Each structure stands twice: as C-alpha cells, then as structure tokens.
Amino acid sequence: MRQPLPSDAISAARRRFFDGGLAPHGLVPENILASWRRCTESGLDAGARPVLMPMERHALSEVHERHEELRRLCRPELESLYASASQAGSIVILTAADGLILDALGDAAFLSKAARVALKPGVPWSETTTGTNAIGTAIFERRAVEVRGQEHFYRPHGMLSCSASPIFCPRGKVVGVLDLSGEASIHHLHALGMVQLAVELIEYRLFERQFPGAEIVRLQHDPELLGTPREGMVVFENHKLVAANRQALRLLGLDWNELGRTRYDDLFASALPRPGDTVGMRCQSGEMVHARREASTRVSVPVHQARAKPARSAVSVFAPEIAQAIERNVRLLDADIPTLLQGETGTGKERVARELHRRSARSTGPFVAVNCAALPEGLIEAELFGYQAGAFTGARKEGAAGLLRDADGGVLFLDELGDMPLSLQSRLLRVLQEREVTPLGGGRPCSVDIAVIAATHQDLAAAVAAGRFRADLYYRIAQATMRLPALRDHTSVGDTTRAMWIAIGGDEGGVRLSAELVTHMAALPWPGNLRQLVGVLRSMMAMADAGATLTIADLPADLRDAVPVTPAVSIAGASLDRIEQQAIDETLAQCRGNVAAAARKLGISRSTIYRKLGR
C-alpha cells in the first residue's frame with residue numbers, strides 16, 4: 001500500500017510533464033509516468049475532454065453473451081467486494097480482457113457521478129482510448145495498479161481513485177479486470193488489497209473449472225492449507241508446466257511468461273507423487289513443499305441420469321434451523337417440487353439455492369442463476385427462452401439457446417422472481433408445466449429437464465392480491481417455501497460470524513477472531529445481512545497478517561465505532577437462562593468484550609461469565 005502523494009505534488013508533476021515536456025521524477029510513481037508517456041506517444045491529448053460513448057444495447061448484449069461464464073464466475077466477488085466498500089460510496093467494476101466494462105455494481109449516488117465520466121457498462125477503459133487509468137494500466141502492466149485523482153491522464157477523471165487487478169486464466173492469459181473505484185477525496189486505503197484477494201478467489205474457481213478431473217498438483221509449505229484457496233496449483237503436460245495459479249508462481253519463484261517453457265525437472269528434484277498421495281517434495285532451490293497429486297477423474301455422465309450425492313463440506317455456514325430446512329428441501333427438489341426462497345436482500349438466498357443444488361441428485365448438472373431484476377426488460381425474453389437466427393435486430397446470426405435450455409439436466413435458479421414482467425410470467429408458467437421451450441422467432445419446441453428454485457425479497461402473496469403477479473405462477477412455483485431469517489434474527493449471530501470466517505478461509509494461516517470482536521459484531525444491526533457480513537470479513541482477511549488475532553480495532557471505522565444494538569427480549573415467556581444470557585451479552589458489548597469490566601458491572605465473577613458463555 002503506497003502512501004498518497006500531496007495534491008500539490010501531482011499538480012506540479014502535471015505542469016512539468018504536460019506543459020513543460022519534462023520528466024517529473026519523484027513527483028508521481030514511475031508506473032504513472034510511464035503510462036503518461038505511452039498515452040502521449042499514442043496521440044492522446046491530456047487537455048482535451050475524452051469522448052467515450054457506450055455501445056448500443058444490442059451490441060452490449062452480444063458482448064455479455066460472449067463473456068457470460070466470466071460474469072457468472074465473478075458475480076459473488078463483485079457483490080462481496082461491493083458489500084465491503086459500499087459505505088465509502090464506491091463501485092465495483094468487471095471488464096473484459098480489452099478493458100470494456102461488462103458490469104458495474106455500487107452506490108447509486110456514486111454510480112450517477114461515475115456515469116458522467118463514462119464509467120459504466122459498454123465503455124472501453126483501455127489506455128489507448130481512456131488514457132492512464134487503473135483498468136487500462138493494469139492490463140498493460142499485467143499486474144495490480146492504483147491510479148489516484150489527477151494521476152489519471154484526463155483531468156475529468158481526477159474525481160476518481162481506482163484500484164484494479166487483472167484476472168488471469170490458468171494458462172497465463174488475461175481474461176478480465178476487477179476494479180474498485182470511488183471518490184478521489186476519500187481513497188479507500190485497503191482497496192488494492194481487497195481487489196487482489198477477490199481476484200485470487202476468482203482465479204481459484206476458474207482453475208477448478210478449466211481443469212475438471214485433470215491431474216492437478218497442489219502445493220503449499222503448510223500442509224493444512226492444501227485444499228484451500230491459498231494452495232498453489234500446477235498442471236504439467238509432457239513434463240512441461242502449462243498452467244499455474246498465483247500462489248504456485250509465488251511458491252516456485254516464477255511469473256506467467258514461463259508457462260509453456262519451464263519443465264518439471266527445472267522446478268523439482270523429487271519425483272511427482274503418485275495420484276491421490278500427499279508427500280514432501282524438494283524444489284531445485286532446495287526448499288521443501290508439501291504436494292498432493294489428484295488422480296484423473298475424467299468421466300462422462302449423461303445429464304438426465306440420477307447422480308450420487310456428493311460429500312458434504314466439513315464446516316456448515318448455515319444456522320442450525322436453516323440447515324434443517326435445507327435437508328427437507330433437498331428431498332423436495334429431488335421429487336421435482338419447486339421451492340420458493342423468501343427473505344430480505346443479502347440473507348443468502350443464492351447461497352442456499354447453490355447448497356440445495358450441491359446436495360441434490362442433480363449436483364453434477366448445471367446450476368443456472370437468472371436475476372430477473374437485472375436482465376434488460378427488452379431482452380429478458382430472448383435471454384430466457386433463446387431465439388432463432390434473425391429473430392430481432394442485433395440477434396446473433398447463429399441464434400442462442402437461452403438460459404432455460406442452459407439449465408437442462410440441472411437446476412434453474414430464478415432470483416428476484418417478483419420483478420419479472422407480467423407479460424413473461426405466462427410464458428414461464430407454460431415452460432414449467434409442459435417442460436418445453438420455444439425460442440423467439442419460431443422453430444421446434446425443445447424439451448428441458450430442470451428443477452426450479454425461485455427467490456424474492458418481496459411478498460409474492462401480496463403481489464398476487466394486488467394483481468402484480470400471476471396467481472397460477474405463484475401456486476406453481478411456491479409448492480414449497482423456505483423463509484431465510486435476517487442476520488439479526490439468527491439464533492446466534494456470533495456462531496454465524498465464526499462459521500462464515502472459516503468458510504471464506506479466514507482462519508488459514510492461524511488468523512483468529514478475538515472473543516471481543518465476535519461479541520461486538522454479533523450485536524451490530526447488519527442491514528445488509530450476510531452479504532454485508534461476508535464483505536466485512538473478507539476485507540479484514542485481506543489485511544490480516546499470518547498468526548494474527550483480530551480485534552475491534554481491525555473493523556472498518558463505521559462498524560468499529562457503531563453502537564451495538566441488542567433486541568429486547570420479552571420477559572414474559574422467556575427462560576431465566578435466556579434473560580441472564582441477554583444481560584451478559586449486552587454488558588459484554590457495552591464493555592467491548594472486556595470480561596473483567598463486564599463482571600464488575602454485573603456484580604458477578606469472571607468465572608461465572610465464562611461458565612455461562614461456555615454453556
């Protein structure tokens with residue numbers, strides 16, 4: 001993390017470079033100066049106002065279609081990163097490999113400001129079109145980059161402070177860029193670290209997806225980190241290194257350019273472990289690493305064949321009551337009974353839907369998530385049902401299958417179903433009843449084999465009564481319902497916090513959450529629910545040192561200074577134990593987790609508090 005330069009230093013650097021043609025060494029970072037030179041040499045004029053026009057809707061739709069897999073893969077990290085930075089008025093951006101913005105998620109007020117400088121989907125942000133900026137410069141340099149305020153080439157972009165990192169595929173090719181942008185006046189100090197952590201998680205999933213069943217060799221100094229996102233992963237073909245992730249490159253002292261050229265014998269003095277074994281391996285440098293080689297499991301399974309249920313994860317991230325409901329609903333899903341998930345925004349509806357899919361007989365089939373609120377109204381029908389060649393202006397010449405057919409053999413997740421236009425609800429109902437999809441523009445109906453999970457934060461029964469939602473579709477889709485509680489209503493917010501910390505890999509490297517921190521976090525209101533909680537935990541994980549114990553001081557300032565709110569419990573009908581527990585929880589929160597101070601305030605011994613907390 002570099003320290004911000006004084007604004008007068010950047011102003012002096014701009015005058016020296018753009019007006020005087022001199023190199024302002026020491027006034028701006030060297031990579032910014034190098035970018036200014038590249039932009040000037042390519043003919044860009046820093047004194048002009050950039051003209052950046054977004055592409056037309058139909059063209060953007062085609063681009064989205066080409067990059068749909070990347071967008072789906074990155075969506076969880078976009079949402080988590082936004083949850084971490086939303087309090088600062090920021091936006092999270094995903095671009096294609098050439099810098100074209102695909103998605104932007106963020107604070108509505110800042111989104112409108114960003115739109116004034118064309119920081120929105122469909123606009124290119126490469127260096128050659130938009131000058132020095134974090135996205136374009138990260139693409140050129142193939143590494144994470146920060147560009148703050150007037151370090152941008154064009155003056156209007158000086159309102160921005162941006163942190164971006166390229167996303168690499170396992171073979172070393174840039175496939176996209178993740179960027180976090182906000183007001184230059186309130187630069188997020190940890191922005192670049194948060195972006196880099198999110199990108200590493202994306203690349204980890206990308207590696208697993210691109211090499212399913214391959215003989216991946218997993219490496220780590222600490223054997224406990226094998227099988228986690230912090231492990232190194234490499235693939236050899238004919239004794240040549242053809243794929244790796246960032247962790248492996250760091251472990252082996254390599255960079256992306258050495259893929260395809262470096263041989264196994266150049267790296268290791270030990271033989272490869274046998275498939276399925278975990279052994280110690282000596283590198284040519286003399287360093288020892290732990291390695292596990294996965295046996296190849298490439299098999300072909302017909303999509304309509306029932307699958308065996310996979311093993312469940314060792315750590316449950318769900319509260320007990322939610323876990324029990326998932327157990328019941330898996331059986332319903334396997335019996336082809338649709339499920340409707342209801343709950344506030346951020347309560348984890350998609351997480352539950354994915355868990356239902358993971359535990360179901362369709363676990364090896366596709367999971368296709370459709371956000372009914374996010375699809376453009378004019379294109380939602382084509383996106384869902386597909387279309388024939390030439391069905392409308394801007395349609396692909398070969399047509400498109402559509403998301404419903406993409407889900408064939410698996411699970412279709414209809415998120416924010418309450419926002420689906422009435423005109424499409426009847427078509428969706430017909431598909432669910434007849435299990436056939438007819439693409440736009442005609443053509444033969446195509447059979448589909450899908451299980452359906454829907455989700456909404458709206459009261460669909462009330463929407464039916466008001467005429468905003470079709471009653472027949474409601475009764476078809478809500479044959480089973482599951483309500484997800486807000487985070488503040490979980491039986492134990494503290495237990496949920498610890499489980500989420502483990503689930504996102506926060507405990508790797510011996511990093512722990514202190515008791516006072518968990519108590520403080522458990523008493524906060526969390527209006528953004530699980531999404532906000534996960535975002536905060538990931539930001540703390542990005543900044544934590546190995547072996548650290550995190551405290552309240554490690555929280556973002558707005559949460560660190562927040563006054564904990566504990567809902568009152570009615571005395572009537574409450575057990576004595578529950579009343580005692582609430583009193584202890586409230587007092588611990590007021591004392592910032594200091595057990596001795598809480599004991600003095602309550603007039604009881606510390607051992608009594610520890611005993612009741614343990615119970």
Side-chain angles (χ1 to χ4, degrees), residues 63-64 66-85 90-106 121 125 134-135 138-139 141-146 162-181 190-212 214 216 218 225 227-235 243-250 256 259 350-351 354 367-369 371 374 500 503-506 508 531 534-535 537-539 541-543:
V63 170
H64 278 168
R66 288 199 304 273
H67 295 90
E68 184 59 26
E69 183 178 3
L70 177 68
R71 295 173 68 217
R72 288 181 186 172
L73 194 72
C74 295
R75 190 68 186 184
E77 305 314 321
L78 260 71
E79 293 184 351
S80 295
L81 194 55
Y82 167 58
S84 303
S90 303
I91 59 174
V92 184
I93 292 166
L94 174 68
T95 83
D98 60 0
L100 181 76
I101 297 179
L102 300 174
D103 292 309
L105 179 68
W125 275 71
I135 294 168
I139 292 171
E141 297 192 355
R142 290 172 59 86
R143 66 182 181 89
V145 168
E146 281 184 310
C162 308
S163 302
S165 177
I167 302 167
F168 287 94
C169 78
R171 296 187 185 273
K173 178 183 176 183
V174 174
V175 295
V177 176
L178 190 64
D179 171 87
L180 179 61
S181 294
H190 307 315
L192 192 61
M194 292 164 60
V195 169
Q196 289 174 296
L197 176 64
V199 165
E200 290 195 12
L201 293 172
I202 291 168
E203 290 173 348
Y204 186 80
R205 290 200 300 272
L206 188 61
F207 203 112
E208 297 277 15
R209 179 166 297 192
Q210 289 201 0
F211 291 95
I216 298 174
R218 303 173 184 271
L225 297 183
T228 75
R230 295 195 180 184
E231 69 182 355
M233 295 190 289
V234 293
V235 173
N245 68 348
R246 292 175 192 257
Q247 299 283 6
L249 295 176
R250 281 196 284 264
W256 296 106
L259 295 181
E350 182 168 349
R351 184 185 294 272
R354 289 185 182 276
F367 178 90
V368 176
N371 189 324
M500 294 305 302
I504 65 174
E508 295 159 11
R531 184 179 297 139
V534 171
L537 291 175
R538 281 185 166 161
S539 67
M541 180 171 70
M543 302 309 301

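Bear in mind the structure is a predicted one, so any value in this text is a computation, not a measurement. The chain is numbered in sequence order, starting from 1.
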### Query
Mind checking what makes side chain to side chain contact (heavy atoms under 4.5 Å, CB included) contact with R250, not counting sequence neighbours?
E200, R246, Q247
### L81 side, atom CG; I91 side, atom CD1 - distance, nearest 0.5 Å
11.5 Å
### Query
CG of L259 to NZ of K173: how many Å apart, nearest 0.5 Å?
14.0 Å
### Message
Just so I know, are the side chains of I167 and C74 near enough to count as touching, which here means a heavy-atom distance under 4.5 Å?
### Response
yes
### Main-chain N/O of M233 paired to N245 side chain as donor or acceptor, under 3.5 Å
yes
### Query
Can you check side-chain contact (heavy atoms from CB on, under 4.5 Å) on D103 and H64, steps first, answer last?
CA-CA 9 Å; D103 292 309; H64 278 168; 4.1 Å; yes
### Message
Please determine whether side-chain contact (heavy atoms from CB on, under 4.5 Å) holds for the pair R75 and R71, giving the CA-CA distance in whole Å, both sets of side-chain angles, and the decisive distance to 0.1 Å.
### Response
CA-CA 6 Å; R75 190 68 186 184; R71 295 173 68 217; over 6 Å; no
### Message
With a 4.5 Å cut-off on side-chain heavy atoms, are L78 and L178 touching?
### Response
yes
### Query
Mind checking whether E77 and L197 have side chains closer than 4.5 Å, heavy atoms only?
no
### Test item: R205 side-chain N/O and L73 main-chain N/O as donor-acceptor pair under 3.5 Å
yes
### Query
side-chain contact (heavy atoms from CB on, under 4.5 Å) between R230 and Y204: does it pass, once the steps are laid out?
CA-CA 9 Å; R230 295 195 180 184; Y204 186 80; over 6 Å; no
### Task
Look at atom CD of E69 and say whether more than 12 heavy atoms of other residues, nucleotides or ligands are closer to it than 6.0 Å.
no
### Query
How would you list, by chain and number, every residue that makes a side chain to side chain contact (heavy atoms under 4.5 Å, CB included) with A134, sequence neighbours excluded?
V147, C162, A164, D179
### Query
Would a 4.5 Å heavy-atom cut-off, applied to side chains only, mark F168 and V174 as touching?
yes
### Task
With the side chain counted from C-beta on, respond yes when V235 and F207 share a heavy-atom pair under 4.5 Å apart, and no when they do not.
yes
